[in-house]
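The structure appears right after this line, and notes come after that.
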Amino acid sequence: MTKLTALTQTLLAIAISTQLVGCDNSKQVTMENKTTEKPIVKNTMKEADSDVAINLERDVFFGETHMHTAFSLDAFIGGNRMSHEDSYLYAKGETVMVDGRELKRHRPLDFVAISDHSEYIGEMYSTMTEGAPGYDQELLKQLRTMTDIKEREEWFLKYVVSENRGADPQHPPFFAGKDTVKSAWKVMTETADRYNKPGEFTALKAFEWSGAPQGGNLHRNVIFRDANTPDAPVSYIDVNREDGLWKWMAVQESQGMKLLAIPHNSNASKGMMFPSVKADGQPIDLEYAQTRQHFEPLIEMMQIKGNSEVHRKFWPDDEFSDFENADSIQKSSGRTFHKIDFVREGLKQGLVYEKQLGVNPFKYGTIGGTDNHNGLPSAVAEDTFIGGHGPEDGTVERRRTAGVAGWIDGKDLSIGTLSGVWATQNTREGLWDAMKRRETYSTTGPRIKVRFFAGVELPKNPKSAKELVRQGYELGVPMGSDLPSIGSAPTFTIHAVKDPDGANLDRVQIIKGWVDNKDKTHEVIIDAVWSDGRILADDGKLPSVGNTVNLHTAEYNNSIGATSLMGSWTDPDFDAEQNAFYYARVIEIPTPRWSTYDAVRNNLPLLKDVQSTIQERAWTSPIWYNPAN
C-alpha cells in the first residue's frame with residue numbers, strides 16, 4: 001500500500017467520512033550557451049524517464065495549461081469541432097482546419113495540457129459518438145445541428161447554465177450516465193498517451209473542475225504527473241466547492257497518483273478565490289492552509305478573460321496596472337471587482353495567514369494559459385488573433401461590437417498567456433515537478449526567457465548569464481522557492497531575454513510584498529534593471545522607454561529597448577522579522593494590440609475605449625521569506 005503523508009491521511013479520512021471517495025542598472029548582454037558544469041541543485045525530485053537527458057540547470061519549456069476542445073460543451077455549442085488529436089497536431093506545428101480556415105502556428109509548443117470541463121464530457125461523448133448511449137436524444141440532435149448564435153445561447157442557458165449556478169448543480173436532462181464520463185475520459189487519456197513523446201513533446205493529462213457558486217469563478221485546472229489517472233475526473237456536479245475537490249484529490253493521492261490544481265480567473269471570483277473564510281463560513285484554519293498549499297502550487301496570472309495580477313482601480317500608483325483589465329466582466333453575474341480578487345493582493349493576504357497560522361494558503365507561483373475554446377493551444381500572437389469562442393468572437397465585427405455571452409465584451413478580450421517552465425527535462429514528470437516546486441512563469445505571449453534567483457551570498461552584478469545561473473543554484477534559490485531564515489538582506493539576480501521574433505525589453509521590475517508587526521500589508525515596485533541608459537527622476541520614477549508603434553500600419557520597430565537585461569538588486573529595507581515575497585515583472589516596449597491589427601487590416605477606425613498599444617510582459621513566480629524557516 002502506498003505510504004501516506006500525515007496531511008494526506010487526514011484528508012483521506014475526511015473524504016471517506018463525507019462519502020467523496022467515488023466520486024545595477026541597465027546592462028545589455030547576449031544569451032550565453034548553457035554551462036556544462038553541474039551545480040548542487042536544491043529540492044530536486046527524481047525524474048522518472050531515464051531515457052531523456054537531465055539538465056540540472058534547467059531548460060525553459062513553453063506550453064499551454066488551459067484550453068478546450070469539442071469535449072467541452074460550451075466550446076462545442078460555439079462551433080468547436082476540434083478533437084484532442086487536432087489540438088495536439090496544432091500544438092506540434094501542423095495545419096488544422098478551424099471554421100473553414102487553415103491554421104498553422106508559427107512555432108511548435110513543448111507541451112500541452114488539454115483541460116476540458118469535466119462537468120459535461122459524458123454528455124459530449126454521447127453527442128459526438130454515433131451509437132453511444134444517448135446519441136439519438138432529441139436535445140442532442142438539436143445540439144449537433146444548431147447554427148444560429150442566438151439559438152445556441154438560449155439553448156445553453158436553458159439546459160446547462162440554469163442547472164449549475166445554484167448550491168446543488170445537476171447534469172442536464174440529456175446526460176446518459178456515468179459510463180459515458182468514463183468513456184470520454186478514456187478517449188482523452190489514451191490520445192494523450194499516443195502523442196506524448198518524452199524529450200520531444202509532452203501531453204499532460206488534465207481536466208478543468210469548473211465550480212461557480214452564485215456565478216463566482218472558482219475554476220481549477222487539474223494536472224496529473226504521469227499516466228496514472230483515475231477512471232474518471234471529478235466535476236462540480238459531484239463536489240461544488242474547492243474543499244471538495246481537494247478531498248477528491250487526496251483520495252487519488254492515497255492511491256498512488258500525483259496531481260495538482262491551478263486556479264484561474266480570480267478577477268471573476270466575487271471575492272471567493274482568496275477568502276477569509278472556508279466554504280462552510282468558518283474562519284480559515286491551519287488544516288485549510290496546509291491543504292490548499294499542498295494541492296495548489298500555482299495560479300494562472302492572466303487569460304483570455306483578462307489580467308488577474310492587478311487592476312488600475314486598486315493600484316493607481318502602479319503605472320503598468322492599466323493592462324487588459326477586462327472591465328466588462330462586471331456586466332454579468334454580479335461579478336463586481338474587489339481588490340482581493342487579484343493575485344497580488346492574494347499573495348499579500350497569504351503572508352498574513354502565514355504569520356498567524358504558520359502556513360500560507362495562498363502561496364502561489366505563476367503559470368500561463370489561454371482558456372481558448374477553439375481547440376487551439378497557446379494561440380497567443382496579437383497579430384493573428386481570431387477570438388477564442390467560435391462565432392461569438394470569431395469575426396472582426398463581433399469582437400468590436402458584441403462579445404461572449406455572460407462573460408465579456410469582445411473588445412475587452414486579451415490573448416491569454418503562455419507558460420514558461422524551467423524543468424530538468426521535457427517529460428510529464430519533469431514538467432510536473434517543476435510546476436510543483438513553482439519554478440515557472442507566465443508571459444502574455446512572447447517567448448521571453450527570464451531567470452530570477454535570490455540569496456544572501458549571491459554576488460551583485462553577475463558577469464555572464466551562465467555565471468548567474470550557476471551561482472543562483474549553488475548560492476541561492478530560484479523563482480518559486482523559499483529563502484531560509486537570514487540575518488542580512490538578500491540579493492536578487494535577474495536575466496531576461498527577448499523573444500527572438502518579438503519586441504525588445506523596456507525594463508525588469510521587482511514587486512515586493514510584506515506584512516508588518518501589526519499584520520498590515522505593504523508593497524513596493526522597484527525598477528531593477530532597464531534599457532537605453534535612462535536615469536531615474538527625482539521622484540524615483542523611470543522615464544518611459546518611448547513608443548515606435550505606427551497606428552496607421554500596425555507596425556513597430558526595435559530601435560528602442562534591449563535584447564536582454566541582466567542585473568541585481570539588494571533589498572535596502574529588508575527586515576529579518578517580516579514575512580515577505582518578491583516576484584519579477586518583465587516589460588516589453590510598446591507594440592500594437594490585437595484590436596489595432598484588426599482595425600488596420602480591415603480599414604476600420606481604431607476603437608476609442610481600448611488601448612491601441614500594449615506592453616507585453618512576463619511574471620515570475622515569487623520567492624518567499626518567512627522568519628520561521
Side-chain angles (χ1 to χ4, degrees), residues 263-278 283-286 288-290 292-293 296-302 307-321 323 325 337-367 438 441-442 452 454 479-483 489-490 492 509-526 528 569 571-585 617 619-629:
H264 59 266
N265 272 127
S266 66
N267 60 344
S269 66
K270 295 186 175 182
M272 291 188 284
M273 189 64 82
F274 305 111
S276 59
V277 296
K278 300 182 292 184
I284 285 177
D285 55 19
L286 178 60
Y288 176 96
Q290 290 174 324
R292 185 161 183 157
Q293 185 184 122
E296 297 189 357
L298 302 173
I299 194 165
E300 190 178 276
M301 190 67 95
M302 189 181 97
N307 174 15
S308 289
E309 183 206 12
V310 289
H311 188 283
R312 68 188 185 282
K313 176 181 177 181
F314 308 111
W315 281 269
D317 294 331
D318 183 345
E319 62 186 299
F320 294 103
S321 63
F323 178 72
N325 286 160
F337 290 155
H338 311 83
K339 192 172 186 179
I340 194 57
D341 290 329
F342 293 87
V343 173
R344 191 185 296 173
E345 189 66 15
L347 290 172
K348 289 194 297 183
Q349 291 305 313
L351 297 179
V352 177
Y353 285 114
E354 182 176 56
K355 184 180 176 184
Q356 295 173 347
L357 301 173
V359 177
N360 184 345
F362 309 139
K363 192 174 183 178
Y364 285 121
T366 66
I367 197 74
R438 306 179 183 88
Y441 64 99
S442 57
F452 184 51
M479 65 179 78
S481 301
D482 292 315
L483 279 164
F492 297 83
Q509 300 179 309
I510 293 177
I511 290 84
K512 175 187 177 181
W514 73 98
V515 58
D516 63 23
N517 57 10
K518 296 182 179 179
D519 290 351
K520 183 178 179 181
T521 62
H522 308 265
E523 65 178 76
V524 65
I525 301 171
I526 301 97
W569 174 76
D571 184 357
D573 300 312
F574 177 74
D575 186 332
E577 300 303 315
Q578 292 178 342
N579 297 70
F581 66 78
Y582 306 79
Y583 67 89
R585 185 169 65 179
R617 60 201 61 193
W619 300 272
T620 73
S621 289
I623 293 172
W624 288 268
Y625 174 72
N626 181 355
N629 284 345

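Computation of the quantities below employed the complete heavy-atom set of this structure, encompassing side-chain atoms and omitting hydrogens, waters and symmetry-equivalent molecules. Every value quoted in this text rests on a predicted model; they were computed, and no experiment measured them. Numbers here are sequence positions counted from 1.
A side-chain N or O of Trp315 and one of Glu523 form a donor-acceptor pair less than 3.5 Å apart. At a cut-off of 3.5 Å, with distance as the only test, no side-chain donor of Asn267 or His311 sits close to an acceptor on the other residue.
Contacts of Lys363 classified as salt bridge (charged side-chain N to carboxylate O under 4.0 Å, His left out), with partners at least two apart in sequence or in another chain: Asp482. Contacts of Tyr625 classified as ring pair (Phe, Tyr, Trp, His ring centres under 6.0 Å), with partners at least two apart in sequence or in another chain: Phe574. Partners of Phe581 by ring pair (Phe, Tyr, Trp, His ring centres under 6.0 Å), not counting sequence neighbours: none found. For Tyr583, there are no ring pair (Phe, Tyr, Trp, His ring centres under 6.0 Å) partners at least two apart in sequence or on another chain. Residues passing the salt bridge (charged side-chain N to carboxylate O under 4.0 Å, His left out) test with Asp318 are Arg344, Arg585, sequence neighbours excluded. Residues passing the side chain to side chain donor-acceptor pair (under 3.5 Å) test with Lys355, sequence neighbours excluded: Asp519.
If you take NZ on Lys278 and CD1 on Ile284, they are separated by 9.0 Å, rounding to the nearest 0.5 Å. Here the CZ atom belonging to Arg617 is positioned 16.0 Å from the OH atom belonging to Tyr441, to the nearest 0.5 angstrom. Rounding to the nearest 0.5 Å places CG of Asp516 at 9.0 Å from CH2 of Trp514. Rounding to the nearest 0.5 angstrom, the gap separating the CD atom in Gln293 from the OH atom in Tyr288 is 12.5 Å.
Scanning all heavy atoms of the two residues, the minimum distance from Phe274 to Phe342 falls at CE1-O, 3.7 Å. Closest approach of Leu298 and Pro263 over heavy atoms only: O-CD, 3.0 Å.
Val352 has its side chain within reach of Thr521: a pair of non-hydrogen atoms, C-beta onward, lies under 4.5 Å apart.
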